[in-house]
Amino acid sequence: MINRLIIKNFVLIEAAELDFCGKLNVLSGETGAGKSILVDAVMLLLGARYDKNFLRYGAENGFVEAFFSINKHSRKKLENAEFLDLDSYGIDQEILISRKFYNDGKNEIRINGKQITLNMLKQFTPMLIDIYGQHDYIEYLDPQAQLRLVDFFAGEKLNSFIKNCQNEYKKYTLINKELKELGQEGEREKIIDFLSYQINEIETVKLKENEEEDLIAKRKILLNSEKISSLINQSADSLSNSELNNAYSTLKKLQEYSPDFTDYSNRLKSLIIEADDILSSISKLSDYFSFEKDDLDKLEDRLLLVRNIKKKYGDYTDCQKYLSDATHKLNRLKNASDEYDKLLKQKQTIIANLYKISSTISGIRRNEAAILSDKIVSELKQLGMDKARFIVSFKEFPNLENCEKCLSNNGFDDIEFLFSANLGQPLKPFSKVASGGEMSRFMLAIKVVSGNFLGIDTLIFDEIDQGISGKVGQEVAKKLAEISHSSQVLCVTHLSQIASMADTHFFIDKINNNDTTYTKIQLLDQNGQINEISRLLGSIGISNTSCQTAIDMKEWSKKFKTTIKN
């Protein structure tokens, strides 16, 4: 439940704080005043994408934050959210969700001060709030969304069977993949020939690890072999013609006259030994860097071959893996006839299992869809649609023999919502027959019914009163009051009937001041509520009895709410 909503620099709102009650909260005001801006602010906290146009013109940054109280039911749902460790976020009985945004388009999201991602926010906020806007009925024009609603309604009765269906369908897809890999006999021979060619190609080349790099290094030496040999010979000549031996003989003679020359003599002797060793090694290198004329051609051919094999199969590691996999696959294909038949039998068993599970799923869905239909029709009657009819239509269930094309991880069912608002009119697809007002009431009926089994703490209705008035508006107001007895309701409205039911009422107004426009939000007291109901009635300045009518409506609403059962 939303306890408090705080907004700063959001569209036309410079600053606002709204404290909501746990029952029916009404937001009303002139058209264009910015009532839906509040809904947009809440939507941002629920995971809507941030747009730079949300930031109030001229401001560098802004934020939206809300305090949510958590009951036992909500906490249990949040505990089941795998990504969210309630203790690490300090979540006990209250959550503070905040979203700060900047003029460069960046924004940050936090739960109890700890930063989270947008995807994390989207995962758990639907457990707290459900929003219905005047165009949200579009979702239920999609048969898949209709099926999800039926499945939600069925709940635990269906969940285990859906899970079994998903597991079995996974087996089905895997076995199809194996059958495709084995292929039909004629196709299999082509694959065997191709794999044999690839294996032979890889084994013939005998690629070595880092061979391309080694060949490139060797090619550099080959291309410069004459220059290398010349330099080696020059070095050898210099070392062999060294004057070190003469210097050493001279120092040996000097030792006779002074022992100071002994150290120099010994050090020079070491140099002579080292020089002789280098000369010996260089002489051997001369043979190493000596090549035949066709050695470079052979190396270029090998380098081209190595590069081609790497282009086809990857580096040394990838090549070895490909060879191993291809060899395994080839051996399997050569003995595939028996395995193919075995897999076909396994596939038929899996299809039979899927058919059985899907039949059970369909049976549950059909029973629950009938109950759901009755509940929605009952709600529609209370909303002034006495002659409305609604059913969930199921397409013909396939036979086992021809069911494979219908297989899925969610059963075989293909459904459609059929609706008729008026007596004598046939049932037709929901999207083709409902007017704006009928859509609003239908969605309200769905929210009433779905709220009972989804356990949403807070329901937000953005102009649910589209296309309705008079007695129907009165019935909608009564229904919202009933819902607010078990769930918190926030409702943006133009209807005096709904406004009269408010437990808390906010008036939204657009103010022009010093060349600046901003939205002002005012919590109405009893007199303020009477004046606003009078305005919504459209009788201010026309009838002297407008205030009395508003007082009567407020009194009637108060009495009605005392009749609502827990």
Side-chain angles (χ1 to χ4, degrees), residues 1-5 18-29 35-36 38-39 41-42 66-69 71 74 128-134 136 379 382-384 440-441 443-452 454-466 468-469 471-508 521-537 550-566:
M1 182 177 78
I2 302 180
N3 294 324
R4 171 175 286 188
L5 178 65
L18 291 83
D19 290 312
F20 298 107
C21 71
K23 293 186 177 180
L24 179 56
N25 301 268
V26 168
L27 299 94
S28 66
K35 298 182 295 299
S36 291
L38 291 171
V39 177
V42 175
F67 291 87
F68 295 84
S69 59
N71 60 30
S74 296
L128 303 176
I129 296 181
D130 189 19
I131 293 184
Y132 168 64
Q134 54 185 302
D136 283 354
E379 294 295 334
Q382 295 179 49
L383 291 169
S440 294
R441 281 179 280 172
M443 288 303 300
L444 181 55
I446 285 180
K447 294 300 180 184
V448 171
V449 175
S450 66
N452 290 334
L454 292 179
I456 301 298
D457 291 342
T458 300
L459 296 172
I460 299 180
F461 296 96
D462 186 10
E463 300 191 9
I464 188 73
D465 51 21
Q466 181 196 26
I468 59 178
S469 60
K471 182 171 176 53
V472 173
Q474 184 177 329
E475 294 301 323
V476 169
K478 289 162 67 175
K479 187 55 62 180
L480 289 171
E482 290 175 2
I483 297 171
S484 71
H485 213 62
S486 57
S487 296
Q488 182 189 46
V489 175
L490 277 63
C491 182
V492 176
T493 186
H494 296 98
L495 277 183
S496 58
Q497 296 95 319
I498 294 176
S500 70
M501 283 287 183
D503 295 294
T504 300
H505 194 152
F506 295 94
F507 178 70
I508 293 91
I521 303 169
Q522 179 184 358
L523 174 63
L524 299 179
D525 58 16
Q526 183 72 11
N527 288 333
Q529 291 184 44
I530 297 299
N531 291 334
E532 174 60 1
I533 294 168
S534 298
R535 186 191 69 80
L536 292 171
L537 283 166
I551 292 170
D552 292 342
M553 291 180 68
K554 196 68 183 170
E555 187 62 29
W556 171 84
S557 299
K558 184 178 179 181
K559 288 180 180 179
F560 172 76
K561 284 188 279 190
T562 63
T563 67
I564 300 174
K565 297 179 181 180
N566 290 325

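Contact between T458 and I2 at its shortest, heavy atoms only, is OG1-N, 3.7 Å. Contact record, L495 with G473: CD1-CA, 3.8 Å, taken as the closest heavy-atom pair. For L459 against F461, the heavy-atom pair with the smallest separation is CB-CE1, 3.8 Å. When all heavy atoms of S28 and E532 are compared, the closest pair comes out as OG-OE2, 2.7 Å. For G528 against L524, the heavy-atom pair with the smallest separation is O-CD1, 3.7 Å. Heavy atoms only, all atoms of each residue included: L383 and K479 are closest at CD2-CB, 3.7 Å.
Counting only heavy atoms from C-beta outward, the side chains of V476 and I498 approach each other to under 4.5 Å. L480 places none of its side-chain heavy atoms less than 4.5 Å from the side chain of V26. Looking at heavy atoms from C-beta onward, M501 lies in side-chain contact with F560 at the 4.5 angstrom threshold.
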Verify side chain to side chain contact (heavy atoms under 4.5 Å, CB included) between V39 and L27, making sure each step is shown before the conclusion. CA-CA 10 Å; V39 177; L27 299 94; over 6 Å; no

Begin with the C-alpha distance, continue with both residues' side-chain angles, and end with the deciding distance and a verdict on side chain to side chain contact (heavy atoms under 4.5 Å, CB included) for Q382 and E482. CA-CA 11 Å; Q382 295 179 49; E482 290 175 2; 4.0 Å; yes

Determine, step by step, whether L490 and L38 satisfy the side chain to side chain contact (heavy atoms under 4.5 Å, CB included) criterion, reporting the C-alpha distance in whole Å, the side-chain angles of both residues, the deciding distance to 0.1 Å, and the verdict. CA-CA 10 Å; L490 277 63; L38 291 171; over 6 Å; no

Between L5 and V42, does a side chain to side chain contact (heavy atoms under 4.5 Å, CB included) hold up when you go through it step by step? CA-CA 8 Å; L5 178 65; V42 175; 4.0 Å; yes

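Atoms CD and NZ, from Q488 and K23 in turn, are 12.0 Å apart once rounded to the nearest 0.5 Å. In this structure, CG on D525 lies 11.5 Å from NE2 on H505, to the nearest 0.5 angstrom. Atom CG of N3 and atom SG of C21 lie 10.5 Å apart (nearest 0.5 Å).
Judged as a salt bridge (charged side-chain N to carboxylate O under 4.0 Å, His left out), and not counting sequence neighbours, D552 has no contacts. Shown here are the ring pair (Phe, Tyr, Trp, His ring centres under 6.0 Å) partners of F67, two or more places apart in sequence or in another chain: there are none.
A donor-acceptor pair under 3.5 Å links the side-chain atoms of S486 to the main chain of I483, judged by distance alone. With hydrogens and angles ignored, the 3.5 Å screen pairs a side-chain donor or acceptor of K554 with a backbone N or O of A502.
Within 6.0 Å of NZ on K478 lie more than 12 heavy atoms contributed by other residues, nucleotides or ligands.
Evaluated for a side-chain contact (heavy atoms from CB on, under 4.5 Å) with F20, the options N25, D503, T504 yield exactly one hit, N25.
In this structure, E555 does not pair ionically with K558, as no charged nitrogen and carboxylate oxygen lie closer than 4.0 Å. For E475 and K471, the salt-bridge test passes: some basic side-chain N is under 4.0 Å from an acidic carboxylate O.
Sequence neighbours left out, the pairs with a member in residues 493-502 that pass side chain to side chain donor-acceptor pair (under 3.5 Å) are D465-T493, S500-S557.
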